[in-house]
Number of protein chains: 2
Amino acid sequence: MKRRVTLKHIAKELDVSVSTVSKALKNSEEISRETKEKIQAFAKLYNYRPNNIALSLKNKKTKNIGVIIPDIVHHFFTTVFRGIEHYAGERGYNVMICVSDESFEKEVLNMELLANGSIDGIIMSLSAETQERNDFNHLQEIMDQGIPMVLFDRVSDEVACDKVILNDIEIAFEAVETMINSGKRKIALVTTESYFNVSSDRAQGYEKALISNDLQLEKNLVLTLPYESEDEIPIWEFFESNEIDAVLCVNEIFAIKCMDVVQRQGKKVPEDISFIGFTNGILSRYSTPKLSTVAQHGERMGETAAKLLIDRIENDLEGNYKTEVISATLIHRDSTIN
Amino acid sequence: MKRRVTLKHIAKELDVSVSTVSKALKNSEEISRETKEKIQAFAKLYNYRPNNIALSLKNKKTKNIGVIIPDIVHHFFTTVFRGIEHYAGERGYNVMICVSDESFEKEVLNMELLANGSIDGIIMSLSAETQERNDFNHLQEIMDQGIPMVLFDRVSDEVACDKVILNDIEIAFEAVETMINSGKRKIALVTTESYFNVSSDRAQGYEKALISNDLQLEKNLVLTLPYESEDEIPIWEFFESNEIDAVLCVNEIFAIKCMDVVQRQGKKVPEDISFIGFTNGILSRYSTPKLSTVAQHGERMGETAAKLLIDRIENDLEGNYKTEVISATLIHRDSTIN
DNA sequence: TATTAACACGAAACCGTTTTCGCTGCCCTT
DNA sequence: AAGGGCAGCGAAAACGGTTTCGTGTTAATA
């Protein structure tokens with residue numbers, strides 16, 4: 001119904017100039033006390049709020065940050081997002097969110113949409129397709145336009161910007177070593193395609209742990225699963241045709257599915273076979289047995305990313321890109337011994 | 001590094017006026033072919049993109065919609081959000097998202113932030129605190145300002161606007177009746193505080209089903225749990241001190257927790273006791289046994305909400321508020337008989 | 001040859017703010 | 001009485017676009 005009241009309306013109504021109104025509302029010394037009181041009272045009465053769009057245009061600052069994530073229905077990303085949202089809110093920023101659906105094309109589209117002035121900076125995690133194609137021109141363009149950008153979790157060495165990552169190698173190493181120390185010897189890895197930087201890092205940690213404990217590195221103890229699939233057969237065969245007494249999974253779902261399969265095959269978890277998964281989501285807390293996991297501290301990751309971004313937006317940092325490493329922690333539940 | 005190129009830059013460089021550039025880029029008939037070609041080539045070369053902020057100011061349309069949800073790390077809300085994002089994207093809208101964290105104060109703050117010109121309309125689900133306080137002035141103010149708003153799932157009768165809800169009463173009725181038909185007689189309800197409209201609707205459906213099947217409506221077969229709590233004792237006692245052979249839970253987590261408790265008490269699911277939960281999330285699919293649930297079709301809910309909102313933004317509908325009802329469906333897994 | 005229509009472009013207003021600068025009066029000083 | 005200083009306010013530019021309404025040039029027509 002009612003149109004929003006603007007400075008111009010107030011000015012006309014009170015028979016002063018727009019500039020006077022603007023100054024009065026900022027309590028400028030330049031304006032007499034009585035004029036200020038009159039204007040402020042009027043503004044309050046009509047619930048005046050400065051128009052953000054006009055401010056953005058004038059200041060060339062939108063106080064918005066854009067977030068592009070591959071999937072919103074995904075525990076890890078939502079926790080990261082929560083961290084971003086909280087931190088950004090504290091510093092007066094709003095968050096626009098786009099979902100790439102793991103698609104390269106949608107990622108590019110989203111970036112173009114956001115980059116047209118709507119946001120002061122971007123936080124993103126690469127889509128699966130982007131990692132597979134290894135094509136980062138769209139990121140480079142954003143950087144060239146001088147729009148600050150922070151990459152988290154799924155990052156790439158090929159683009160120079162601030163990054164927030166997990167110490168994937170170290171924590172995978174630690175996870176595997178924990179299982180070795182509890183007496184396990186035939187340790188498997190269940191992972192995704194290796195173009196995911198996180199998967200290859202975790203594989204690296206897995207291998208290092210085996211080697212440093214004088215264990216054989218066996219190719220057939222590594223199972224590569226498609227990112228999303230309901231097909232259980234490869235899992236079933238994998239655990240039937242190999243003697244395995246411990247498993248590291250690069251995500252929670254893989255771990256739950258594998259645990260389910262081996263239990264149906266008559267093995268006991270963790271006595272016969274231990275499990276550790278990445279992503280400390282709800283599934284881990286409610287599975288049977290409760291899954292031991294690597295907590296990725298998504299919320300802290302999000303906060304860190306937001307801090308890096310906003311710092312760069314507000315201060316001109318001239319390159320000097322930082323990579324912050326979030327330390328994961330191992331959470332022992334009932335799928336590992338001790 | 002490089003500043004974004006504007007119409008003014010192009011105009012100066014090509015020695016024409018800003019208006020000519022603007023028209024040329026819109027392929028206006030008014031401009032000669034050669035001039036248009038020259039300008040378009042130049043624009044492409046320097047990767048000109050119109051500034052969204054300037055457009056928003058001029059058109060008084062931002063092509064942004066705001067979404068306020070109580071929690072982002074929550075399966076149902078993320079699926080709704082995905083629906084919103086998809087549909088909005090198709091119609092050329094971006095999404096700004098705010099999280100109220102179930103807090104009244106944050107909800108109000110978020111609305112004020114969004115309402116200052118950043119968005120063309122709002123989609124929201126009420127925070128727990130807002131429902132508890134029963135205070136909707138902030139919603140009314142938004143409506144008074146003429147900003148279109150759509151409420152979903154957690155709605156209130158006290159505010160007149162478009163709404164999207166689930167047929168909670170009917171589906172709860174159906175769920176309970178299904179269990180009755182499989183021979184169950186002592187049917188419990190595990191719910192949250194009744195100021196959640198969805199909980200009270202589900203309770204209503206539960207009661208109606210009992211009554212219409214000539215079963216006793218027993219107060220002590222209703223367990224009210226705090227919204228988030230790790231305390232297991234009330235659950236344990238509830239199932240120990242009552243003879244119960246079937247349970248309807250108003251959310252997934254409650255169901256999983258209860259199933260866990262009764263199984264540790266030595267009862268068999270579903271033979272001794274059946275379970276149906278609301279929210280068809282990942283937990284339901286991977287619990288032991290797999291939980292039978294009410295699928296709320298969050299994605300469709302989100303799409304519907306977005307459609308209602310955008311239709312209202314783009315056409316002046318003058319009141320005539322609609323309430324769309326999404327039909328939930330019962331998914332039978334292993335926590336119910338047959 | 002004078003009038004006119006079509007063509008191709010420019011000037012300016014506008015969206016809502018902020019901010020710089022300049023212009024009035026008025027009072028005080030000498 | 002003249003000049004200086006200051007308090008209080010307004011005009012205008014700027015942010016980056018769109019759009020309406022001229023306006024000058026050329027070619028066609030009477």
Side-chain angles (χ1 to χ4, degrees), chain A residues 2-40 42-43 46-64 113 115-120 145-147, chain B residues 2-40 42-43 46-64 113 115-120 145-147:
Chain A
K2 292 147 87 182
R3 239 8 295 124
R4 287 186 65 78
V5 40
T6 71
L7 291 187
K8 204 189 279 187
H9 295 143
I10 302 183
K12 179 179 287 180
E13 208 65 30
L14 261 42
D15 212 41
V16 290
S17 79
V18 173
S19 11
T20 304
V21 178
S22 175
K23 292 169 190 162
L25 292 177
K26 318 207 88 174
N27 236 321
S28 158
E29 291 302 320
E30 227 177 308
I31 309 296
S32 73
R33 207 173 49 80
E34 36 185 356
T35 310
K36 279 198 288 196
E37 280 172 359
K38 184 179 63 177
I39 292 177
Q40 287 168 3
F42 190 92
Y46 285 90
N47 195 29
Y48 168 79
R49 307 273 159 206
N51 181 321
N52 263 339
I53 300 290
L55 286 179
S56 297
L57 184 58
K58 181 116 243 297
N59 303 334
K60 292 164 159 270
K61 290 283 168 201
T62 62
K63 286 275 186 178
N64 289 155
L113 248 146
N116 289 343
S118 307
I119 46 95
D120 297 340
Q145 283 182 43
I147 301 178
Chain B
K2 292 145 89 181
R3 233 22 284 126
R4 287 186 66 77
V5 39
T6 70
L7 289 188
K8 206 190 278 188
H9 295 143
I10 303 183
K12 180 178 286 179
E13 208 67 30
L14 261 40
D15 211 42
V16 290
S17 79
V18 175
S19 9
T20 304
V21 178
S22 174
K23 291 170 192 163
L25 293 177
K26 320 207 87 174
N27 236 322
S28 160
E29 292 302 320
E30 228 176 308
I31 308 297
S32 71
R33 209 173 47 82
E34 37 186 352
T35 310
K36 279 197 288 194
E37 279 172 0
K38 183 178 65 176
I39 292 177
Q40 287 170 2
F42 190 93
Y46 285 91
N47 195 27
Y48 168 80
R49 307 272 157 206
N51 180 321
N52 263 340
I53 301 291
L55 286 179
S56 296
L57 184 58
K58 180 113 242 293
N59 302 334
K60 294 164 160 268
K61 289 282 170 202
T62 62
K63 285 274 185 179
N64 289 155
L113 247 146
N116 289 343
S118 307
I119 45 95
D120 296 340
Q145 283 181 44
I147 300 178

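Note on naming: letters A, B, ... go to the chains in the order of the sequence lines (proteins, then strands), and numbering restarts at 1 for each one.
- Between B:S22 and the phosphate of D:dT18, there is a side-chain N or O to OP1/OP2 separation shorter than 4.0 Å.
- The side-chain heavy atoms of B:N52 and B:K63, taken from C-beta on, include no pair separated by under 4.5 Å.
- The phosphate of D:dC15 has OP1 or OP2 within less than 4.0 Å of a side-chain N or O from B:K8.
- Salt bridge annotation for A:E34-A:K38: absent, with no cationic side-chain nitrogen under 4.0 angstrom from a carboxylate oxygen.
- One finds no side-chain N or O of B:T6 lying less than 4.0 angstrom from the OP1 or OP2 phosphate oxygen of D:dG16.
- Nearest heavy-atom pair across B:G117 and A:I53 is O-CG1, 3.2 Å.
- Residue A:E37 qualifies as enclosed at atom CD: its count of foreign heavy atoms under 6.0 Å is above 12.
- A:N47 has its side chain out of reach of A:V5: every pair of non-hydrogen atoms, C-beta onward, lies at least 4.5 Å apart.
- Computed from coordinates, the B:R4 CZ to D:dC15 C1' distance equals 14 Å when rounded to whole Å.
- In this structure a side-chain-to-backbone donor-acceptor pair under 3.5 Å is present from B:R4 to B:R49.
- The phosphate of D:dT18 (OP1 or OP2) has a side-chain N or O of B:K26 nearer than 4.0 angstrom.
- Proximity note for A:K23 (side chain, C-beta onward) versus C:dT20, C:dT17, C:dG10: the nearest is C:dT20.
- Judged by atom type and distance alone, B:S17 does not reach the base of C:dA11 through any side-chain donor-acceptor pair under 3.5 Å.
- Counting to the nearest Å, the C1' atom of D:dG17 and the NZ atom of B:K61 are 18 Å from each other.
- Atom CD1 in A:I119 sits 8.5 Å away from atom CG in A:N64 (nearest 0.5 Å).
- Listed candidates were D:dT19, C:dT19, D:dG17. Nearest to the side chain of B:L7 is D:dG17.
- For DNA chain C, the neighbouring residues in residues 27-36 of chain B, judged by any heavy atom under 4.0 Å, are B:E30, B:I31, B:S32, B:T35.
- Counting heavy atoms from C-beta outward, A:L55 and B:N116 have side chains that stay 4.5 Å or more apart.
- Counting heavy atoms from C-beta on, the side chains of B:I39 and B:L14 come closer than 4.5 Å.
- Put simply, CG on B:L14 is 11 Å from P on C:dC9, counting in whole angstrom units.
- The stretch residues 47-56 of chain B has no heavy atom under 4.0 angstrom from DNA chain C at all.
- Considering every non-hydrogen atom in both A:K26 and A:S22, the closest pair reads CG-O, 3.0 Å.
- Rounded to an integer number of Å, the gap from CG of A:L57 to P of D:dA14 is 14 Å.
- Rounded to whole Å, the distance from NE2 on B:H9 to C1' on D:dG16 is 10 Å.
- Comparing B:V21 and B:N59 by the nucleotide of DNA chain C whose heavy atom lies nearest to each, the residue mapping closer to the 5' end is B:V21.
- For the pair A:L25 CG and C:dT17 P, the computed distance is 9 Å after rounding to whole Å.
- The nearest whole Å value for the distance from the CD atom in A:E37 to the P atom in D:dC9 is 12 Å.
- Counting non-hydrogen atoms under 4.0 angstrom, A:K60 reaches the backbone sugars and phosphates but no base.
- Across the protein-nucleic acid pair, B:D15 atom CG and C:dA8 atom P stand 19 Å apart, rounded to whole Å.
- Note on B:T20: every side-chain N or O is 4.0 Å or more away from OP1 and OP2 of C:dC9.
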